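Report on the structure given below.
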Amino acid sequence: MAVTPAATASSRFQVLVVDDDRGMLASISSVLSDDVDVVTCETPQHALELLKIRSFHVVCSDFKMPGMNGLELLRRVSESGQPVGCLLITGSDEYRSVGNDRHYVLLKPFDPQRLIAMVMQLARVTEMKRSVQVLETTVRRRPRL
Amino acid sequence: MRRSDPLALAELAAVIEEATTVTRHGLRNKLGSIRNAAFYIRRRLSETEAWAADPRLDTMASLLETDVATANELLGRTDERLHTRNPEHFDIKKCVLDAAKHARTVASIRIEVDAPPAVTHADFHEVAMAIRCVVENAAEAMPDGGLVRVLGRIDGGKYHVDVLDGGTGIDDSLREAVLRAWYTTKVGHLGLGLNIAQRVVQRYGGKLTIGRSPFGGTLVSLSLEIAEKRQDVEDPPGGR
């Protein structure tokens, strides 16, 4: 399997972290920020607005948030048409009984190294999917001989 | 606990479960922040001379990580004695009637039930307790008394239990808040009823939704999955 080279300082992976707990946002951001560029927001609605104007490799979301739960947010992100890695980070058991969406899940309190590894892996997969999309578009546009 | 209330055990278990879940969630968030802080401190300090010079710094960071792991393990433990669920096939109509019969309402409240029979697979007492929570909530919305309608309807593979009251209704902006644990505007109430009802139906693949009642108040609808028809559906224990 071809592996995309790790992002360099000039082209770091972009990660959006969504959590209504400011302390947790700061905490996750401090763990990830050495390896990826982190943008944080406190509401799922704001996250969806950000996704309209910016591209992210990975979206990490808490589950229990006012207005929309994390599974609903990640389902909308997945259905946007753009390849984006989705990771649910939660301390709640409730996500198991809500919906059948399949996303990667990390339970709090997690091993920070595991969070970094999962985010990097998801970001690489997103990068590969985007490359495949570009290739497909190029092939389709190529004039027939 | 009243001995004559067959739903009391399910209610007590639900309150304990709710309190445990909320506490566990809050503690896991805090433990997560501590774990992340330990990781951050270790990563920053390990690049300094102080870290290399004093091995106690590494020991302290390791102890913090170990303590968080131990605390999380304790949080994950559950007492088997609290597991009172006994999923079985039963007639939802009987369950609705049972919930209405055991609803603790004042004399000025009348409860009217109209529900077709259908079979679901769940814990009878738990579902009856969830319906009762919604019925009692509807009754409390009418302090001067009135009629609570409990209507069953079948829609595809789902059975809906609609509970309607003639109270003042729930403001649209509060519909999410009233489903949060410990949210209440009533003195002497825990604010768990709707939250528990939602948790119970979600456990069995259903949903709780809040809307407007055509009678002026609130409509709370609980959905349950209809199971395949069975000939051997028996009355659950409890002497109904």
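Every chain is numbered from 1, with letters handed out A, B, ... down the list of sequences. Fair warning: this is a prediction, and the values are worked out from it, not measured in the lab.
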Next item on the list: Check the pair B:Lys93, B:Asp98 against salt bridge (Lys or Arg N to Asp or Glu O under 4.0 Å), reporting the backbone distance first and the verdict last.
Entry: CA-CA 9 Å; B:Lys93 180 180 181 176; B:Asp98 217 48; over 6 Å; no

Check: Just by distance, do the side chain of A:Ser27 and the backbone of A:Gly23 share a donor-acceptor pair under 3.5 Å?
Finding: no

Check: Any donor and acceptor pair, going by atom type alone, linking the side chain of B:Asp162 with main-chain N or O of B:Ser221 inside 3.5 Å?
Finding: no

Next item on the list: Between chain B and each of A:Asp111, A:Ile28, A:Thr90, count heavy-atom pairs under 4.5 Å; write down the option with the most.
Entry: A:Asp111

Checklist line | Top contributor to chain B contacts, counting heavy-atom pairs under 4.5 Å, from A:Leu115, A:Asp34, A:Asp21 | finding: A:Asp34

Check: Parallel, tilted or perpendicular for B:Phe90 and B:Phe124, by the 30°/60° rule?
Finding: perpendicular

Check: Does any heavy atom of chain B fall under 4.5 Å from the side chain of A:Ile116, the backbone, both, or neither of them?
Finding: side chain

Margin query: Just so I understand: if I count every heavy-atom pair under 4.5 Å between each of B:Ile34, B:Asn72, B:Val68 and chain A, which residue has the most?
Written below: B:Asn72

